[in-house]
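Single-structure report; data block below.
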Amino acid sequence: MGLFTGKKGIIMGVVNEYSLATGVAKYLISEGAQIGFSHLPDKDGRDRMAKRIQRVAEPLGISFIKPCDVSIDDDITRFYAEVGESFGKIDFVLHSIAFAPLEDLRCPTLESSREGFKLGMDISVYSFIAVARAAAKVMNNGGAMVTMSYFGGERVIDGYNMMGVCKAALEMATRYLAFDLGPRNIRVNALSAGPMKTLAASAVGDFSRMLNSHAKGAPLMRNVTQEDVGKTCGFLLSDMSSGTTGEILHVDCGYSIMGSHEHVEERTKQY
Ligand SMILES: NC(=O)c1ccc[n+]([C@@H]2O[C@H](COP(=O)([O-])OP(=O)(O)OC[C@H]3O[C@@H](n4cnc5c(N)ncnc54)[C@H](O)[C@@H]3O)[C@@H](O)[C@H]2O)c1
């Protein structure tokens with residue numbers, strides 16, 4: 001009997017085997033969950049994205065894979081109607097989605113454009129609100145939702161730029177959604193994950209440097225793994241966290257507790 005035996009839910013944001021959401025899917029399935037995936041539709045009508053996701057889904061035994069562009073309200077409505085038809089009621093949703101135009105992400109925040117900012121906020125923040133609204137309609141009371149954030153939404157991280165502003169807004173949206181859905185006993189939390197090499201992360205300038213400095217500066221002296229993220233997200237999506245909502249939980253090897261990252265390496269010599 002696993003932690004998720006008899007539980008059903010949706011994971012939005014798998015694009016390949018490196019996605020944070022893939023780590024979560026693997027863990028939830030190992031604990032007995034039944035899962036469906038959404039994916040970003042191809043603009044040219046070809047099925048490249050669906051085929052990509054299929055490569056992740058097939059070994060996990062996932063057959064519900066449907067397109068959903070979270071910047072389009074009708075897509076979200078249609079997607080969750082299909083979820084209701086196939087699953088009946090669901091118990092959990094993971095929103096693991098972010099996007100901003102490269103030119104607005106790679107430049108100083110000061111130089112980001114109005115259109116780029118609007119798009120970044122729309123796909124990386126508003127989409128969680130729209131998804132929560134649609135998903136709640138097919139969710140059991142006692143269900144849980146999680147979104148993915150990063151420390152760059154709390155403190156300035158060189159290179160994270162405008163996405164840091166989006167993550168700050170996403171974290172606050174998480175708290176307000178937790179307030180709104182609390183009366184239905186639906187919990188809403190965010191996971192603030194340490195950096196991991198993924199497709200979306202490649203948009204962040206000098207990501208290798210970020211990985212390096214996190215590994216050196218974190219109390220655990222390493223970067224997080226997909227397994228770390230999967231298990232902690234599983235905690236937030238399961239009944240194990242039944243009294244926790246509106247929380248931003250760090251899974252970052254402790255990086256965010258540090259006031260200074262100087263001399264961290266010297267600790268190995270002490271113990
Ligand atoms: N990789 C990291 O270091 C890291 C750290 C902390 C938080 N995060 C967050 O985790 C989440 C997942 O990112 P990831 O790193 O796994 O990268 P990823 O590229 O694997 O996932 C990003 C997902 O967003 C989807 N997406 C983008 N625009 C969309 C749209 N309009 N409609 C539907 N889907 C759309 C992509 O298709 C993809 O599946 C993001 O919110 C990211 O900011 C990532």
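The figures that follow rest on heavy atoms only: side chains count, while hydrogens, waters and symmetry mates do not. Please read these numbers as outputs of a predicted model, since none were measured by experiment. Each residue takes its place number in the sequence, starting with 1. Order of appearance sets the numbers: ligands from 1, and atoms from 1 within every ligand.
In terms of protein heavy-atom proximity, atom 24 (O) of ligand 1 is closest to Ile97 CA, 3.6 Å. Regarding atom 36 (C) of ligand 1, its nearest protein heavy-atom neighbour is Val15 CB, 4.6 Å. Ranking the protein heavy atoms by distance from atom 40 (C) of ligand 1 puts Ala98 CB, 3.7 Å first. The protein heavy-atom contact nearest to atom 14 (P) of ligand 1 is Thr198 OG1, 3.4 Å. Cys68 O, 3.3 Å is the protein heavy atom nearest to atom 33 (C) of ligand 1. Atom 7 (C) of ligand 1 has its closest protein heavy atom at Ser149 O, 2.9 Å. In terms of protein heavy atoms, atom 13 (O) of ligand 1 is closest to Ala200 CB, 4.1 Å. Counting only heavy atoms of the protein, atom 1 (N) of ligand 1 lies nearest to Met196 O, 2.9 Å.
Atom numbering of ligand 1 starts at 1 in the shown order; those under 4.0 Å from a heavy atom of Gly13 are 21 (O), 23 (C), 38 (C), 39 (O). Atoms of ligand 1 found under 4.0 Å from any heavy atom of Ala193 (numbered from 1 in listed order, with element): 5 (C), 6 (C). Near Asp69, the atoms of ligand 1 lying under 4.0 angstrom from a non-hydrogen atom of the residue are 30 (C), 31 (N), 32 (N). Every atom of ligand 1 is numbered from 1 in the order shown, and the set under 4.0 Å from a heavy atom of Ala201 is 1 (N). Per-residue contacts place Val14 under 4.0 angstrom from the following atoms of ligand 1 (heavy atoms of the residue considered): 39 (O). Heavy-atom proximity to Gly194, at under 4.0 Å, picks out these atoms of ligand 1: 3 (O), 5 (C). Annotation for ligand 1: atoms under 4.0 Å from non-hydrogen atoms of Ser96 are 10 (O), 11 (C), 12 (C), 22 (C), 23 (C), 24 (O).
Residue contacts with ligand 1 for Leu20 involve both N, CA, C or O and side-chain atoms from C-beta outward (heavy atoms, distance under 4.0 Å). Here Thr22 has no heavy atoms under 4.0 Å from ligand 1, in either its backbone or its side chain.
Side-chain atoms of Ser241 come within 3.5 Å of backbone atoms of Phe235 as a donor-acceptor pair (strictly under, hydrogens ignored). Gln226 places a side-chain N or O within donor-acceptor distance of the main-chain N or O of Ser19, the cut-off being under 3.5 Å.
For Glu171, the side-chain hydrogen bond (donor to acceptor under 3.5 Å, both in side chains) partners two or more places apart in sequence, or in a different chain, are Ser149.
In the model, Asn141 has no side-chain atom that pairs as donor or acceptor with a side-chain atom of Asn185 under 3.5 Å. A donor-acceptor contact closer than 3.5 angstrom links the side chains of Asp228 and Thr225.
Note: His214 and Tyr255 have parallel aromatic rings, judged against thresholds of 30 and 60 degrees for the angle between ring planes.
Counting only non-hydrogen atoms, the option in Lys167, Met210, Met163 that gets closest to atom 42 (C) of ligand 1 is Lys167.
Protein heavy atoms are found less than 4.0 angstrom from atom 11 (C) of ligand 1.
The N/O atoms of Val70, backbone and side chain alike, include one that comes under 3.5 Å of an N/O atom in ligand 1.
Heavy atoms of Phe207 approach ligand 1 to within less than 4.0 angstrom.
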